[in-house]
Amino acid sequence: MKKQNLTWLEIDSKAFSQNIKTIRKLAGKRLIAVAVKANGYGHGLQEIITLLKKERIEYIAVHSLEEATRARQLGWGNSILVVGYIQLCDLEQVFRLNLDLTIYNSETVGSLGKLSDKLGRMVNIHLKIETGTNRQGVEAGKLKKIVSLIKKYRDLHLKGVSTHFANIEDTTDHSYANYQLGEFNRLAGQIEKLGLKPELRHTASSAALLLFEDTKFDLVRPGIAVYGLWPSKETYLSYRLAGGSNGILKPVLAWKTRVIQVKDVPADAFIGYGCTYRTSAKTKLAILPVGYSDGYDRSLSNLAHVLIKGKRAPIRGRICMNLMMADITDIPGVKLEDEVTLLGKDGKENLTADQMAAWAQTVNYEIISRISDLIPRRIV
Ligand SMILES: *Cc1c(COP(=O)(O)O)cnc(C)c1O
């Protein structure tokens, strides 16, 4: 018998390259750093790097040293911007892997500076400044001190200065983003007055890239848009109200599995743990081998649908660790090992990450990034 996957993800290479084209248009002449953290937003770091190698992309942005290491092992030869934190004891790896490091602590500057002296190697750093998100970033009051520390080390090259917006995707009111942009310009100006001239200013993730010309500067850092999803409904609405056209982003990911049992259940029977669902009539179920440990959120219990033969089959009962049950009473002819779509298109039907996020009361980012990295990915 032909070997086939039981559960798998399909990564649509055509949709991906269309999104890259869209992003390139939005970015104009600026450099692009594609965010591939969290296993390429759940799409698979290996698959996304394979696709990115075919594009003219200067940078990938990763969170951790582990991701950077893996990206190099996978043959990513262009630049890597680490946006997370690397422990002081691991900083030598920054040289070995030739990474651009986001910095916001004087301890990191000191350790990295001493290492660069010792190794006689130059290193690119990007100073992240606090503009009001109050996440990573050097506070305005500490800017002068960290800049003079950077200047002490000949081989610390301040290549970039960056910040991250708190409130573009969550609202159609962009006054806070404008305030942060003002702070960024003011503080970046201070850095120049102190004698450093970073060539790459960068602030824009997908929402800013889609909505604000003034945030694009020299490099943009899109993530979610590369994978064909809008950062939020508000971002989509703002983009459309500004005259932007529909359908510029194409979802890249589909999540599929197969029926592992077809079962007849009588009326008044309970389904699953906790007896949270009771049939009102004779019911046919398809048992599916995916559960919350695979990243299919338990809050989708008795709520979500899956697609079988192009039709919606509602989830009955609680999502289990590795299993779930779907109602196929009105879908005739379902057989063992038939294909099931958990996320994506089947015929005219489409289950989007946005729809799943609405059901689970979260954001599309969480739906896709939590899909287990144990599930095989397949580029189609
Ligand atoms: C994840 C991330 C991005 C990308 O954000 P999207 O909203 O997915 O476009 C950009 N910059 C930083 C610092 C990030 O951590």
Side-chain angles (χ1 to χ4, degrees), residues 16 19-20 22-24 26-27 30-43 45 48 52 57-68 71 79-86 99-104 125-138 159-171 174 177 180-181 184 200-212 215-236 238-239 248-253 353-354 357 362-371:
F16 187 84
N19 297 335
I20 293 284
T22 295
I23 280 158
R24 201 181 293 295
L26 289 163
R30 300 158 185 98
L31 301 185
I32 298 172
V34 171
V36 300
K37 63 199 185 205
N39 199 26
Y41 284 48
H43 293 58
L45 186 62
I48 294 305
L52 280 174
I57 293 291
E58 296 81 10
Y59 269 94
I60 54 173
V62 303
H63 174 68
S64 65
L65 177 60
E66 289 68 26
E67 290 170 345
S79 298
I80 298 180
L81 173 65
V82 179
V83 296
Y85 182 71
I86 293 186
L99 308 177
D100 283 31
L101 185 60
T102 303
I103 49 138
Y104 37 89
I125 56 176
H126 298 241
L127 183 62
K128 187 157 202 172
I129 51 185
E130 181 56 67
T131 58
T133 299
N134 289 311
R135 200 170 69 172
Q136 306 143 297
V138 179
K159 185 165 185 186
V161 55
S162 68
T163 196
H164 196 65
F165 294 109
N167 203 21
I168 291 186
E169 44 277 79
D170 292 330
T171 172
H174 297 125
Q180 285 192 277
L181 186 60
F184 180 74
L200 299 179
R201 287 162 303 162
H202 49 100
T203 71
S205 59
S206 297
L209 174 63
L210 285 156
L211 299 180
F212 284 111
T215 63
K216 296 182 187 176
F217 294 102
D218 311 300
L219 172 146
V220 294
R221 308 187 306 255
I224 198 85
V226 174
Y227 306 98
L229 301 176
W230 286 85
S232 65
K233 272 202 183 80
E234 290 81 356
T235 309
Y236 175 74
S238 301
Y239 180 80
I248 59 164
L249 299 176
K250 307 265 181 243
V252 170
L253 179 141
D354 295 323
T362 182
V363 288
N364 53 17
Y365 293 79
E366 189 177 358
I367 295 293
I368 56 174
S369 68
R370 291 183 66 194
I371 298 174

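Read the numbers this way: they start at 1 and go in the same order the structure lists the ligands and their atoms. What you see is a predicted model; the values in this text were computed from it and never measured. Residue numbers start at 1 and run along the sequence shown.
Summarising the contacts of atom 11 (N) of ligand 1 with R221, R135, Q136, the nearest heavy atom is found in R221.
Taking every heavy atom of K128 and a limit of under 4.0 angstrom, the matching atoms of ligand 1 come to 13 (C). Short contacts between ligand 1 and S206, defined as distances under 4.0 Å to a heavy atom of the residue, involve ligand atoms 6 (P), 9 (O). Every atom of ligand 1 is numbered from 1 in the order shown, and the set under 4.0 Å from a heavy atom of I224 is 6 (P), 8 (O), 9 (O). For ligand 1, the atoms closer than 4.0 angstrom to any heavy atom of P222 are 9 (O).
Residue G223 places at least one N or O, backbone or side chain, under 3.5 Å from an N or O of ligand 1.
Relative orientation of the W230 and Y236 rings is perpendicular, given thresholds of 30° and 60° on the angle between their planes.
With no hydrogens or angles considered, a side-chain donor-acceptor pair links H126 and D100 at under 3.5 Å. Using modelled atom types, one finds no donor on one side chain facing an acceptor on the other under 3.5 Å when comparing T235 with S238. With 3.5 Å as the limit, one finds no donor-acceptor pair spanning the side chains of T163 and Q180. In this structure, a donor-acceptor pair under 3.5 Å is absent between the side chains of H202 and R30.
No donor-acceptor distance shorter than 3.5 angstrom exists from the side chain of E169 to the backbone of E234, with no hydrogens or angles considered.
Atom 14 (C) of ligand 1 has its closest protein heavy atom at K37 NZ, 2.8 Å. Looking only at protein heavy atoms, the nearest one to atom 7 (O) of ligand 1 is Y365 OH, 2.7 Å. From the protein, the heavy atom lying nearest to atom 8 (O) of ligand 1 is Y41 OH, 2.5 Å. Shortest contact from atom 5 (O) of ligand 1 to any protein heavy atom: S205 CB, 3.4 Å.
Remark: I57 CD1 to I23 CD1 distance equals 8.0 Å, nearest 0.5 Å.
The proximity of H126 to ligand 1, defined as any non-hydrogen pair under 4.0 Å, does not occur for either the backbone or the side chain.
Note: F212 and F165 fail the aromatic proximity criterion, with ring centroids not under 6.0 Å apart.
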